[in-house]
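Since the model is a prediction, treat every value here as computed from it, not as a measurement. The figures here come from the full heavy-atom set of this structure, side chains too, leaving out hydrogens, waters and symmetry mates.
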Amino acid sequence: MFWRARTTSGSAICLSDQLSGFKVEELIRGRVTFVGLPAVDLGTDVDWTANPHANRSWALNLHSLRWLGRLAAEYERTGEQVYLDRAAGLADHWIRENPRGGRGVSPWAWAEHAVALRAPALVCLSEHVRTRRLWDSLAEHGEVLADPALYREGHNHGLDQDIALLVVGCRLGRARWRDLAVRRMTRSAELAIDAQGVLHEQAPRYGLYVHRRLGVALRAIEESGAEPPARLLARRSALESYIAHATQPDGFLAPLGDGHADARGSGSAGQEPEVRVFDGGYVFGRTAWNDPRSAYYSIRFGPGRALHGHEDHLGVTYSAQGRRILVEAGFHSYERTGYVAWTRSPEAHNVPVVTGEFRPGTATRLAAHSVEASRQEFELADEAYGVTRTRRVLVNHGADLLAVHDRVPSGTLRSLWHFDPALKVVSRREGVVVLGDGEWRVTLLQLPGAGQAVRPGLIAPGILRTAEVVTVLSPEATGVLTVIVPGCADPEVSLSGGHMTVRTPGGPVTFRTPYSRA
C-alpha cells in the first residue's frame, strides 16, 4: 500500500562515511565480523534468526544492516556491480524473511535501535535500487520510527531514531517526518545534555557517541534543506567541554560508567580550565592540557545511577607522571552475566564500602570544594548505606600526591582501590603497599594499617576483555586515610599536631589528618 500511496520522492541523504569498518571482500563472501567476536560465515541464504555467539550486540549488528550499507557505499566508490547486487539481494532477502510481527522472526529484527540503524542503510541502497518491496519497507520503517510509543526520548537510541526518520522522510518526500525528527532531536538533546554539557546517560563514552551522532544529524538537517536549530547547536557545543575534560592525558576517555579503557577521547578543550566541576556529577582535573605526562583525576557524585551509569559515587580515578594508577572496572559487554553485574556494583570501583545494606540509586552531594593551581580539595557525602558516608579528597600537583579520607559516624567501612593492570606488588608491610612497572614505583599508604588486604581483581580494559589487577582493601574501621604517592617507593611520613607530611620526589606535602600517630 505504501508504494501506491506514494506520489513524490525526495533526495536520498546517504551518509556513507558512517558505514565504514567492514571488509567488503569478506561481505561479498557472506562473512561478517561484529563487536570483535570471531568471524561468522552467513552464506548466501542468511539465517536471520542466527546468533552463533549468543551475544546481544552481535544480533543487533546483524539486523542493523549497516554492513549491507557498506556494500552500497563501495559500489558508489568503485562502480563495481557485484557490490550493489550483493547489497540488493541481502536487503530483499531480509525484507522477505523478517515481516514485522511475523512468526519466528528474531526479536532483534524490529527492535527500536535496529530499526534506527537499518533505515539509513536502506535509504543509501534506494538511490540505486528501485523496487516496490524496498520502497514499501522504507515507508514501514518510517511509520515505526515516527511512532511515539516506540520513541526513546532523551536517549542515544532516540537520536538514532531521529536521524533515521529524517532521512526516510526526505527520501519519501514526507516533510512532516523530517520536521518531526528535527523537533524531537532538539527536545531530546535538551533533556539528555545539561547546560554544562553533561550527558545524563552517565558514561563519557556515550557522550562522545552522542556528540558524533549529533554531527551526523546536523549534516542531515542541512542536506534536507532545513536550518539546524540554535538550541541543538548549543547543546552539542556544551557536550564538547564534557568530553574534553573526560579525556585523559593519554588520549583515552576516563572509563566511567559503561565506558571501556581503550575508548579514544576528543583531545584538548582549548581555553578550558584545568579543573572543572560539573554539577551533573563529575569532577575532572589535570595539571596541564596537551601533556601526556600530566596528572589527571576524576571524582563521581550527583544523581543516582541511571541508564549507562555505575554505582561509582565517591569513586576516584588517578594518573600521574604518564602512568595510569587507579582505574575502574570498566565496561565488558551488555551481556546479562554475573561479572557484568559486578562491574556496575560499588565493589568494582574505588569507593568506601560500608558495613550494611547498600541502597542502589542513591544520590551523592558535593558538600564543599576548593580549587587552586597546585592543590584541590573536595568533600562528598551520601547515605547509600543508611548512614552518612563522607569522603574527602586532596589532590596535590607538582609534588604528586592523592590523599583520601573516608569515614562514617557509626559502623565501619573498608576502602577499595583497583590499580592499573601494569602495576604489580613489589613489596608490602603493615599499611604500606609498593607497586611497580619496570623501574617506576607508586606507594599506597593507609591509616589504620593493621588488617589491610591485597588481593587479585579483574577489570574490563575493553569490550569482551578482562585483565587481572591488584586490589587493595583497607582495614575495617570508622575512618580510613589512604595516600597514593606516584614515582616513589615507601616515602618517609611524619605525623605532628594533626598534620601529616609525606616526602615525595617533588618535595614534602603536608595536610590535615585525624590521625596523631602512625
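- Using a cutoff of 4.0 Å between basic side-chain nitrogens and carboxylate oxygens, E272 and R286 are not scored as salt-bridged.
- Between the side chain of N156 and the main chain of V210, no donor-acceptor pair closer than 3.5 Å is present.
- Under a 3.5 Å cut-off, the side chain of H53 and the backbone N or O of P38 do form a donor-acceptor pair.
- In this structure, N98 and W110 approach most closely via the heavy-atom pair O-NE1, 2.9 Å.
- Atom CD of E223 and atom SG of C170 lie 9.5 Å apart (nearest 0.5 Å).
- Surrounding CD of E468 are at most 12 heavy atoms belonging to other residues, nucleotides or ligands under 6.0 Å away.
- R300 places a side-chain N or O within 3.5 Å of a backbone atom of G281 that can act as its donor or acceptor partner.
- Considering only residues two or more places apart in sequence or on other chains, E153 meets the salt bridge (charged side-chain N to carboxylate O under 4.0 Å, His left out) condition with R187.
- Listed for the S241 side chain is no donor-acceptor partner under 3.5 Å among the backbone atoms of A238.
- Taking each heavy atom of S57 and V35 in turn, the nearest pair found is CB-CG1, 3.8 Å.
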Using distance only, find each side-chain donor-acceptor pair of residues 115-124 under 3.5 Å and give its atom names and separation, not counting sequence neighbours.
residue	atom	partner	partner atom	Å
R118	NE	H141	NE2	2.8
R118	NH1	H63	O	2.7
R118	NH1	A109	O	2.8
R118	NH2	A109	O	2.8
R118	NH2	H141	NE2	3.2

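- Between atom CZ of residue R359 and atom CD of residue E311 there is a gap of 13.0 Å, rounded to the nearest 0.5 Å.
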R56 and R336: CA distance, side-chain angles, deciding distance, side-chain contact (heavy atoms from CB on, under 4.5 Å) verdict: CA-CA 9 Å; R56 293 162 55 83; R336 293 166 179 168; 3.0 Å; yes

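- A donor-acceptor pair is defined here as one N or O able to donate and one able to accept, closer than 3.5 Å; no such pair exists between the side chain of H113 and the backbone of W108.
- Considering CG of L464 and CZ of F331, their distance stands at 8.0 Å, rounded to 0.5 Å.
- From N350, atom CG reaches atom CD1 of I299 across 11.5 Å, with rounding to the nearest 0.5 Å.
- If you look at W289 and H245, their ring centroids are closer than 6.0 Å.
- Judged purely by atom type and a 3.5 angstrom limit, S345 has no side-chain atom pairing as donor or acceptor with the backbone of A341.
- Donor-acceptor pairing under 3.5 Å is lacking for the side chains of T466 and Y339.
- F278 and Y242 have perpendicular rings, their planes meeting at more than 60° on a 0 to 90° scale where under 30° would count as parallel.
- Between R77 and E74 there is a salt bridge, with a side-chain nitrogen of the basic residue lying less than 4.0 Å from a carboxylate oxygen of the acidic one.
- Considering every non-hydrogen atom in both S298 and T317, the closest pair reads OG-OG1, 2.5 Å.
- Nearest heavy atoms, L166 versus I221: CD1-CG1, 3.6 Å.
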Y75/D85 under side chain to side chain donor-acceptor pair (under 3.5 Å): CA gap, chis, key distance, verdict: CA-CA 9 Å; Y75 165 72; D85 290 346; over 6 Å; no

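- A salt bridge links D92 to R96: one of the charged nitrogens lies within less than 4.0 Å of a carboxylate oxygen.
- Judged purely by distance below 3.5 Å, without hydrogens or angles, the side chains of Y83 and E25 pair a donor atom with an acceptor atom.
- The shortest heavy-atom contact between W342 and L458 is CZ3-O, 3.2 Å.
- Between D250 and the choices R293, R264, R323, R324, the salt bridge (charged side-chain N to carboxylate O under 4.0 Å, His left out) rule is met once, by R324.
- Between the side chains of D312 and H349, not a single donor N or O lies within less than 3.5 Å of an accepting N or O.
- The two residues V32 and W58 have their closest heavy-atom pair at CG2-CZ2, 4.2 Å.
- No side-chain donor-acceptor contact under 3.5 Å links S106 and T49.
- Of the possible donor and acceptor atoms, one in the side chain of T287 sits under 3.5 Å from a partner among the backbone N and O of A295.
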Test salt bridge (charged side-chain N to carboxylate O under 4.0 Å, His left out) applied to R86 and E80, step by step: CA-CA 11 Å; R86 178 64 172 157; E80 294 290 334; over 6 Å; no

Criterion side-chain contact (heavy atoms from CB on, under 4.5 Å) on V46 and E97, from CA distance to verdict: CA-CA 9 Å; V46 179; E97 295 294 313; over 6 Å; no

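- The closest side-chain heavy-atom distance from F301 to V277 is below 4.5 Å.
- Put simply, CD on E222 and CD on E227 are 8.0 Å apart, with the number rounded to the nearest 0.5 Å.
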Check against side chain to side chain donor-acceptor pair (under 3.5 Å), H155 and Q161: CA-CA 10 Å; H155 192 279; Q161 289 172 305; over 6 Å; no

